[in-house]
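Notes follow once the structure below has been shown.
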Amino acid sequence: MTRIGVVIFPGSNGDGDALHAIELTGAEAVPLWHESASLDGVAAVILPGGFAYGDYLRAGVIARFSPVMRAVAALAAEGGLVLGICNGFQVLAEAGLVPGALLRNRALRFLGRDVLVAPERLDTPFTRALAGRAPLRLPIAHGEGCYYADEATLDRLERDGQVLFRYVDPDGGRAAPGDERANPNGSLRAIAGVLNAAGNVAGLMPHPERAAESVLGYDDGLAIIRSLVEAAAEREKTGAPLLVGMPG
Amino acid sequence: MTAVAPVGPPARELAPLHHRLGVTDVELEAIGAKLGRPPNDLELAIFSVMWSEHCSYKSSRPLLRTLPTGGADVVAGPGENAGVIAIGDGLAVAFKIESHNHPSAVEPYQGAATGVGGILRDIFTMGARPIAVLDALRFGDPADARTRHLLRGIVAGVGGYGNCVGVPTVGGELVFDPSYTGNPLVNVMAIGLLPAGRLTLAQAPGPGNLAILFGSTTGRDGIGGASVLASATFGEDDPSKRPTVQVGDPFAEKLLIEASLALIEARLVEGLQDLGAGGISCATSETADRAGTGILVDLDAIPCREPGMAPFEVMISESQERMLAIVRPEHEAAVRAICGRWNLPVATIGRVTADGDITIIRGGLDADGRPSAGSVELARIPAAALTSEAIVHDRVATPPARRRAAPAPGVPYEPNDLLPERGMDPGAILLGLIGSPNLASRRFVFEQYDSTVQVNTVVGPGHGAAVLRVKGTSKALVATTDGNQAVGAIDPWLGAALSVAEATRNVSITGARPLGVTNCLNYADPTRPEAFWQLKEGVRGLADACRALDIPVTGGNVSLYNESPAGAIAPTPEIGVVGLLDDIARLVGPEFVADGDTIILVGETTPGLAGSAYAELAGVAPEDGPPGLDLAREAAVQRFVREAIGRGLVASAQDVSAGGLAVALAEGAIWGDHGARVRLLVNGTPAVDLFGENPSRLVLTARPGDAPALLDLAHQHGLPAGEIGSVGGDRLVIELGGRGAIGDAEGRGTLTSDALDVTLTDVRHAWEHGLERALGEDRPRAGGIA
Amino acid sequence: MSASFRFAVNVTPKAGILDPQGRAVEQSLPHLGVSGVSAIRVGRRVELTVEAANAAAARTVVERLAAELLSNPLIEAFQVEPLGAASSVVAEVVR
Amino acid sequence: MSASFRFAVNVTPKAGILDPQGRAVEQSLPHLGVSGVSAIRVGRRVELTVEAANAAAARTVVERLAAELLSNPLIEAFQVEPLGAASSVVAEVVR
Ligand SMILES: Nc1ncnc2c1ncn2[C@@H]1O[C@H](COP(=O)(O)OP(=O)(O)O)[C@@H](O)[C@H]1O
Ligand SMILES: [Mg+2]
């Protein structure tokens, strides 16, 4: 059975939800303690939501220095799959494993609500099982989710296919600038998720693991987790570093 | 070992120390009697905190004894940190509500945040993992700048704490009423889940066991929170050095939750108690008293955040995020290891003793847990004197001179020409009501909360009671909070009873069976006979309603002295209810489901508009009273709806409450995105039929084929019930027929319109934007970043 | 005639008030391989430009803003720092 | 032998970076009846004590902390300010 790890930082609170969602896909969910220097041989890692170290100082910054993050960085460097969700995205950004930064929501308030997002590509390890599902309805719950990078970086991300998800309006079109309903945190270019240059590390502000069971009203998110599990299983089988072909 | 040493230099002020600490002469005498000698200053400080209203319930204890608390499934009731009820499948639910009114009035963000922290500790102290929070908030006029400041800070504080610890905020209340100007109410309820066998009690058994303090260090913050110590200059310290505001640290609380549950899971603790009001004094005396033991505390062993803290400061500090564990000596290392894993400071601060006293020394304990040679005893107080045998006051209760009795149910109604709805378009009234601050969507508030973490939230905030699935079972927990200050101000018995009726009804209409009640009694100064009468009547209403509905009170909290220069609050017993739905597939919501469904009104419309949202909007005739409450009828209505839902006869269920039938129909329409066409026969005045809030009424929808069986079932339960219309279209149309609507009124030359007719778009718009508009949040706002 | 003056307002948690942020930062230092750092207090710094007749008048405005808007007197202390016009880091105007 | 040095690290949003807090403060000024205040930037101020052989060594530690932990170079600029040993607000012991 494919083993997927979930890192537990002090202050993580989405670890249980991520472990639960992994189990729903039939994979084995493996908790990884922040002080551990090893990833216990897992095929892929999720950095879960929450408030690692209280999100004090800046969201994600203190967690980035945990011993486990060295192992995560090493896994990423050899092509292993890493998905950061919400706080996990903030940790990845602070660690420089994905581009950009997450600023305070423009409304200066924490926002917990459902959003619509659409994948920009279906050929990544994080979106391969999403065909026919767009737009996806997922919950957000964060105070610092406004995606920021400078203009040149944003242009490069778009050119290189590193934009993974965008906030969309109910018609499925990219959220217009200033559309606070569709893009509640004010992310630049409506970016809700990004990839690293190699395409094996992803950060995502909405919570796919919370939208994984119909009893809770939605299950679009499970397809994202399932994408990760399938891609990780494939990588294990072939033993090869899994680097998606980035266009351009 | 020397004798009791005096603490601090003699006071310089003229007023005796005990007065400055808020201890009356009678109480000082009682303290002397308990000790068999006069207390020293440290002992007096401890008594002043422990005998405060907050810790001792000295005004309310005799009243609380009258509440029904028994039930077959009750595992822990009042007296414990939280009530616990078994729900089958080897699980139990723990829940409790608590107030943080006064701290939130002073510092809204931190006051509310620490309120959430405190109630969560009550839950996990019992061995339960917190799974949900509900916040019941009450403010003055939303147009008032101070209200806006308080609301903004309090909501941010609830969210700031709950979001960070990862407990979803799934429900609550937001009410505006002028009586809360200057004294907002912040009541927070928390719910937890535990394996039935893992219940942990707050007790200190086994002389020789260790008292271990873990969590945050002890600082000077919050000293005075439980008494008037903050304002009294005590000893030589500069009181300005002692911040009365406590700052919450949700990150530390999250670690505390994980460490505490890990300690319990590993069966390393004999007892566990959170530190709240009264700090170490309260935690040690309560755990010792419950076990019939004493605790010997070594002040030098307590990790302090600041140097030079006085003994009284250490003993009564209310620093947040701390726990006291009672541990067998052989488990000490394992306890330290778990605390270390979660990076929490931990210290063995004393020993359980057989003498029944809380003894405070300085200078360390020896290997056998006895005071070291050269140590100094600073205080010695029987634990029971501080807690179970604390003073009780017999307060005087006097009803106000003029008070109108509520009309008894079924009293015939006289149409009243003074009612202001004459000549008004009922559609406009509906839009006004549903867009009013008390009825409009609370989205602006609950969007600031994480309501989905832990992946149990089936129904979050926004539409009626919250529903949480119980992982690994087919069950769901249903929870709600309700209060009714508007009626309570007129008749405190009725206000309390109505709150219980409404809270339990909100649970029953999902199909769930109410398991238990937790309550927060928010009242004014109990030394005023009229305020104490309100409290007494409120408790009587609570008890009567719970008995009639056959539901135990499993815990609660009392908050008195809710007054400000602007006046006293309206009596506000806030009722929290948790219910159990055995099969989540049977869950029914309030929203209309399908075009063509039949709409059925169950129950009887009776007069009495006083205390209603309509009365607040339109005014009310001076001789009108609040509607009556027939508790037997209420019980029948709830039994009926649970049975109907259990049989699969109900498509949607909503009760008639604030805003009356018109608002109940409008909500079903907005939430389900289906219009409705309804015809009402009006006997008295249209305002009563459309907007009256008399209880024990339901709006049900059913597939047309199920309607006859549903009506039959209602009649079998002895309930009046009839078809009033059907679901469909994109408007809400309520045609008014009958004598009261057109005949008499037109005959008298008034302009009562004969139909309420609004588009779904209009009514939804009013509902969605009303609150933000009332709070001025639809424009750039005033306010700092502090 | 009036001139522009730039100030910083430094807002820090009052003595005796718990500073959870400072504590969390302190706890993380071993992970960075840093030792010998203590007593960390995390506060806010607000930089602003005031148009006023003279430096004293400008300062009066800043003091008022600091007390009423930028700090919470119950739990925070503040201190006003004149930056002059020369300060480079802060001279940018972003609207 | 070593000594204690107290520093402040002032972290401000970089030029061009959206500062919603600064804007919110600016927007609330009219409500307070304040005018003539502009270019408000809201940042962080971290005060800390460093044990080191000398001031230069202490400063090196602070610079590193500021660059790696206390600020994010993508969005923030920082500046280190020596406070000397005299600072009283911060002399408390935090365990
Ligand atoms: N209104 C009430 N109804 C029933 N029980 C109450 C009420 N108020 C307080 N209690 C019970 O009294 C005990 C002490 O309450 P409290 O001091 O608030 O507890 P804690 O110190 O754990 O917060 C608790 O068990 C609580 O449930
Ligand atoms: Mg308690």
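Note that this is a predicted model, so its numbers are computed, not measured. To find a chain, count down the sequence lines: A is the first, B the second, and so on, and within it residues start at 1. Only heavy atoms go into these numbers, but all of them, side chains included; no hydrogens, no water, no symmetry mates.
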Derivation of the side chain to side chain donor-acceptor pair (under 3.5 Å) call for B:N343 and A:Y53
CA-CA 11 Å; B:N343 221 337; A:Y53 292 93; 6.0 Å; no
Do A:F110 and B:V155 come within less than 4.5 Å of each other through their side chains, counting heavy atoms only? no
Query - Donor-acceptor pair, side chain of B:N163 and main chain of A:G50, under 3.5 angstrom - result: no
Whatever's closer than 4.5 Å to a heavy atom in chain A on B:V165 counts as backbone
What one should report as the nearest heavy-atom pair of B:L255 and A:G11 is CD2-N, 4.2 Å
Are B:K471 and A:E213 ion-paired here, with the side-chain N under 4.0 Å from a carboxylate O?
no
Under a 4.5 Å heavy-atom criterion, the part of residues 453-463 of chain B in contact with chain A comprises B:V453, B:Q454, B:V455, B:N456, B:T457, B:V458
Okay, A:P10 and chain B: the region with an atom under 4.5 Å from a heavy atom over there is both
Exercise for review: Give a yes or no on whether A:E23 atom CD has more than 12 heavy-atom contacts from other residues, nucleotides or ligands under 6.0 Å away.
Suggested key: yes
Query raised in the report: Is any side-chain heavy atom of A:R113 closer than 4.5 Å to a side-chain heavy atom of B:F446?
Result: no
Between B:C164 and A:G54 the two heavy atoms that sit nearest each other are SG-CA, 4.2 Å
For the residue pair A:F51 and B:F251, establish whether any side-chain heavy-atom pair is separated by less than 4.5 Å. no
Legend entry - Chi angles and distances behind the side-chain contact (heavy atoms from CB on, under 4.5 Å) call for A:I140, B:E447: CA-CA 10 Å; A:I140 57 164; B:E447 266 194 354; over 6 Å; no
Rounded to the nearest 0.5 angstrom, the CG-OG1 distance for A:D114 and B:T452 is 7.5 Å
If you tally heavy-atom pairs under 4.5 Å between each of B:R469, B:E258, B:K254 and chain A, the highest tally belongs to B:R469
**Message:** One thing to verify: whether A:E35 and B:R341 come together as a salt bridge, which I'm taking to mean a side-chain N less than 4.0 angstrom from a carboxylate O.
**Reply:** no
Honestly, the part of A:E209 sitting under 4.5 Å from a heavy atom of chain B is backbone
